[in-house]
Amino acid sequence: MGVDMDAFKNYIVVVDVGSKGTRAHVYAWSSIREKLLETSGGGGDVKVKLSFPTLEYVKNASKKVKPGIHEYVAENGVDEDDIRRYLDHLLGKTLQNVPREQHYRTPIFFHSTAGIRTLNLEAQNDLMEEICSYLKEYTDFFIPDCKSHINVLPGEIEGLYSWITLNYLLRGNDDDSVESGDKSSFGMLQLGGGSTQICYEDNKDYTLDLVLDDTYNLYSTSFLGFGLKQLHEQYLETLVISNTDVDPCLPRGEELRTTISGEKYLIKGSGDFNQCRDKIYNQIIKNIENCSEYLSNADPNTFQISSCILDSKLDLDQFIAISGFSDTIKKLADWSDISLDETNNGMVYNSQRLLQSTIDLCNSPIQNVENDEINLCFNSVYVFSLLHSGFGLGLDESITINDEFKNFKFTWTYGRALLYAYDDAKREYDEFYDIIDDTKQIGYKYKLSPTKFIKGSEQSGIEPRPSFEMQSSYPTFTSPPTSPSTGSSNEEFDDLEENVSVPSHSKYGLIFTIILVIMFCLLPLTRNFIAQLLRKLKIKLLGFKSLNASRKSTINNQQDLEMFSLDNDLENNEIDEFNVSDQEDWDNDSDGIERAL
C-alpha cells in the first residue's frame with residue numbers, strides 16, 4: 001500500500017504586522033521523512049545528510065491589507081469588533097488555500113514590527129491577546145503557545161530573519177562553498193516604513209548566536225523611528241511645531257494636506273535641496289539621544305552621524321541594501337534616466353551621479369515630478385544621508401542594492417519560515433534515526449543571555465507540530481459573527497488583490513439585471529461613457545466578495561495550489577504576480593491599491 005503524499009507536505013503561515021499594513025504569507029515544504037524513506041527503504045541503514053528544506057510560496061494564498069492594524073488601536077484602543085473584521089478580511093485567502101486537512105498542523109505566526117512598537121506596552125499586550133483569541137476561536141491553525149506565536153518582534157530579531165532570507169536566497173544549499181571552507185556571508189541593511197535594521201557577521205562585537213547548518217556570530221540592531229514613513233511623519237510634525245507651512249523637500253508649487261495630532265494642515269512645497277538636506281540631518285540627529293550634543297556644530301557636508309550610532313566603521317563591500325534603500329534608488333535612477341550597473345547580487349549605483357540627480361529633483365518645480373514621485377525628494381535625501389553619513393559610506397563609494405533574489409521579492413518572513421522548517425526537519429531527522437542529542441539545536445540566543453536558547457520551531461516544553469494523519473473528517477472553523485451595530489464593512493481596508501470573486505446571491509443578480517436594462521436604455525450615449533460605466537460597475541461588483549465562498553473546504557485540492565520553488569534553479573520558474581507586480585517595497589508605496597468592500 002502506497003504512502004499518502006499529503007503526509008509529506010507541510011505548511012506555515014507567517015504574518016508581518018507592519019507599519020503601513022499587514023501581510024499574510026504562506027509557505028510549504030516537503031517533509032524530510034519522504035527523502036529518508038526513499039533513501040533507506042523504510043529503515044535506518046543508510047543515513048542521508050540533513051539539509052535546508054526547499055520552501056515553496058503558495059501562489060494566491062497571501063494577502064496584503066492596509067492600513068496597519070496599529071492605526072485602529074491608536075484611534076479606538078483594542079476594539080474587539082475592529083480587530084475581528086480586520087483579521088477576517090486578512091485571512092480569507094489563507095483559510096481557503098491551505099488544505100483543510102492540514103489546518104490542524106499548520107503553525108501560524110503573527111509577528112508585529114515597527115508600527116506596533118510605537119504603541120504603549122499595555123496596548124501591545126492587549127492587541128496580541130485579542131489576535132490570539134481570534135485565531136483560537138475562528139481558525140484551526142496550530143497555536144500551542146500564544147506567547148511565541150503572536151508577539152511584537154524585537155527589531156534585532158527582524159534583522160536576524162532578514163539576514164537569513166538574504167543569505168539563503170543568495171547562497172542556498174551551496175555545498176561547494178561549504179566543502180571549500182568558504183563561510184563568507186553578506187551583511188544586510190534594510191529600510192522599512194517604521195525602522196531600519198542592520199545585521200552582519202561580527203565575531204568580536206556580536207549580539208546574537210545563530211545556529212543553522214553552522215554557528216554564526218551576528219551583530220544585529222534596529223533603529224526605531226528611522227523608517228521612511230515614520231521619519232517623514234516626524235519631519236512634518238517638526239515643521240508644524242516650528243510654525244512654518246513651507247516644506248523644502250516638497251516640489252515647488254505642490255501642496256500637501258496632512259493631519260498631525262488631530263489637526264489639519266496645508267503644507268506648501270518650496271523645492272530647495274540645501275534646506276531639505278539640513279532639515280533632514282537635524283531630524284536624524286534629533287532622533288539619536290547621544291547625537292544631540294553635536295547638533296549645534298553639525299555641518300551636513302562633513303558630519304558623520306555614524307559616529308553616534310555605530311561603534312566602528314563598516315566595510316560595506318559585502319553588504320546589500322534592500323527594501324526602502326533599493327526602492328528609492330531605483331525610482332531616482334528612473335526619474336533621472338540613469339542606468340545602474342548590474343552584478344550577480346544586485347545593482348550598484350554611482351553615488352556622485354545620484355547625488356546630482358537628487359539635487360536636480362529637489363530643485364525641480366512640480367511640473368517635472370509625477371504624482372507618485374511627490375515624496376521622492378525627501379526619500380532620496382534621507383536614503384543618501386543614512387547610507388553616506390549614518391552608516392559611513394564614503395561619498396565616492398557605492399553599495400549593492402537589491403530587493404529581488406532569484407525572482408523572489410524580499411521579505412523577512414521567508415527567513416522566519418525557513419528557521420522553523422529547518423528546526424522541524426531536524427526533529428524529524430533525529431526521530432527517524434533515534435538520535436538523542438540536545439547539544440545541537442536550531443535557533444538562536446542573545447549574547448547577554450547565553451543560557452536562554454530560542455528554538456526555530458516550537459520552544460522547549462511546548463508540544464511539537466503533529467504528524468499528518470488521515471482522518472474521516474477534520475476540524476472546521478466557526479465563521480466570526482457580524483457586527484451590524486458598528487456599521488462598518490471592508491471599505492475600511494485597502495488590498496492588492498486583482499481577482500475578487502462575485503457572490504452568487506440572488507439579490508445581487510437582480511441588481512445586476514436591473515443595471516443591464518438601464519444600460520441598454522443608455523445606448524445613445526457615447527461609447528466612451530459606457531466604457532467608463534462598465535469599468536466602475538465591474539470594480540463595484542468585485543467588491544462584494546463572499547466570505548463564505550472564500551471559506552470552502554479545500555480537502556484533496558492539492559492540484560489547485562500553484563506553487564513555485566525557491567531552490568537554486570528558481571529562475572526557471574514562473575514568477576507569482578504577488579511578487580513581480582509590486583516592484584516597490586510595500587512599506588513605502590501608496591499606489592496600485594484597489595478598494596475591497
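Residues: numbered from 1 along the sequence shown.
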Verify the distance criterion only: is there a donor paired with an acceptor across the side chains of [X] and [Y] at less than 3.5 Å?
| X | Y | result |
| --- | --- | --- |
| T113 | E158 | no |
| S148 | Q459 | no |
| S162 | Q190 | yes |
| Q96 | T94 | no |
| S31 | E428 | yes |
| Y57 | S62 | yes |

Once side-chain contact (heavy atoms from CB on, under 4.5 Å) is applied, do any residues pair with [X], and if so which ones, sequence neighbours excluded?
| X | result |
| --- | --- |
| P466 | Y104, R105, F142 |
| K445 | D209, F453 |
| N345 | L170, F186, I320, T343 |
| E130 | V78, E80, I83, R84 |

Identify the two heavy atoms, one from [X] and one from [Y], that lie closest to each other, and give their separation to 0.1 Å.
| X | Y | value |
| --- | --- | --- |
| Y422 | L212 | CE2-C, 3.5 Å |
| Q441 | S460 | OE1-OG, 4.4 Å |
| F410 | T165 | CE1-CG2, 3.6 Å |
| K447 | P450 | O-CD, 3.5 Å |
| R465 | P107 | CD-CD, 3.5 Å |
| V58 | N97 | CG1-O, 4.4 Å |

Without swapping roles, check the side chain of [X] against the backbone of [Y] for a donor-acceptor pair under 3.5 Å.
| X | Y | result |
| --- | --- | --- |
| H111 | I150 | no |
| D423 | L419 | no |
| D327 | S323 | no |

**OP:** Could you tell me whether Y219 and Y206 have their ring centroids closer than 6.0 angstrom?
**Re:** no
Original post:
Would the Y161 and Y414 ring centres measure less than 6.0 Å apart?
Top reply: no
**OP:** Test side chain to side chain contact (heavy atoms under 4.5 Å, CB included) on F391 and F319 and set out the steps.
**Re:** CA-CA 11 Å; F391 294 129; F319 274 74; over 6 Å; no
Do [X] and [Y] come within less than 4.5 Å of each other through their side chains, counting heavy atoms only?
| X | Y | value |
| --- | --- | --- |
| K35 | S30 | no |
| I329 | V383 | yes |
| V98 | H103 | yes |
| F325 | T196 | yes |
| V48 | L36 | yes |
| L210 | T215 | no |
| L87 | Y138 | no |
| E458 | E463 | no |

Subject >> Non-neighbouring partners of K426 that pass side-chain hydrogen bond (donor to acceptor under 3.5 Å, both in side chains), sequence neighbours left out >> reply: D430
Atom pair [atom1] ([X]) and [atom2] ([Y]), whose distance is rounded to the nearest 0.5 Å:
| X | Y | atom1 | atom2 | value |
| --- | --- | --- | --- | --- |
| S220 | I198 | OG | CD1 | 9.0 Å |
| C199 | L218 | SG | CG | 4.5 Å |
| M188 | Q318 | CE | CD | 14.5 Å |
| K440 | I442 | NZ | CD1 | 5.0 Å |
| Q197 | I157 | CD | CD1 | 11.0 Å |
| L169 | F405 | CG | CZ | 7.0 Å |

Anything under 30° is parallel, anything over 60° is perpendicular, the rest tilted; go ahead and classify [X] against [Y].
| X | Y | value |
| --- | --- | --- |
| Y420 | W29 | perpendicular |
| H149 | F109 | parallel |
| Y86 | Y72 | perpendicular |
| H25 | Y27 | parallel |

**OP:** Could you please spell out the steps behind the side chain to side chain contact (heavy atoms under 4.5 Å, CB included) verdict for S184 and R171?
**Re:** CA-CA 10 Å; S184 61; R171 295 173 63 90; 3.8 Å; yes
Subject >> Test log, rule side chain to side chain contact (heavy atoms under 4.5 Å, CB included), inputs L189 and I399 >> reply: CA-CA 10 Å; L189 297 174; I399 191 172; 3.7 Å; yes
Original post:
Does the pair T207 and Y446 meet the rule for a side chain to side chain contact (heavy atoms under 4.5 Å, CB included), with working shown?
Top reply: CA-CA 6 Å; T207 59; Y446 288 91; 5.9 Å; no
Subject >> Candidates L127, I116, D82 - the one meeting side-chain contact (heavy atoms from CB on, under 4.5 Å) with V73 >> reply: L127
Original post:
Can D403 and K330 be counted as an ion pair, charged N to O under 4.0 angstrom?
Top reply: yes
**OP:** Taking only Lys NZ, Arg NE, NH1 and NH2, and the carboxylate oxygens of Asp or Glu, determine whether E56 and K9 approach each other closer than 4.0 Å.
**Re:** yes
Original post:
Could you walk me through whether E156 and S222 pass the side chain to side chain donor-acceptor pair (under 3.5 Å) check?
Top reply: CA-CA 6 Å; E156 60 267 27; S222 176; over 6 Å; no
Subject >> Listed partners of E431 passing salt bridge (Lys or Arg N to Asp or Glu O under 4.0 Å), at least two apart >> reply: R427
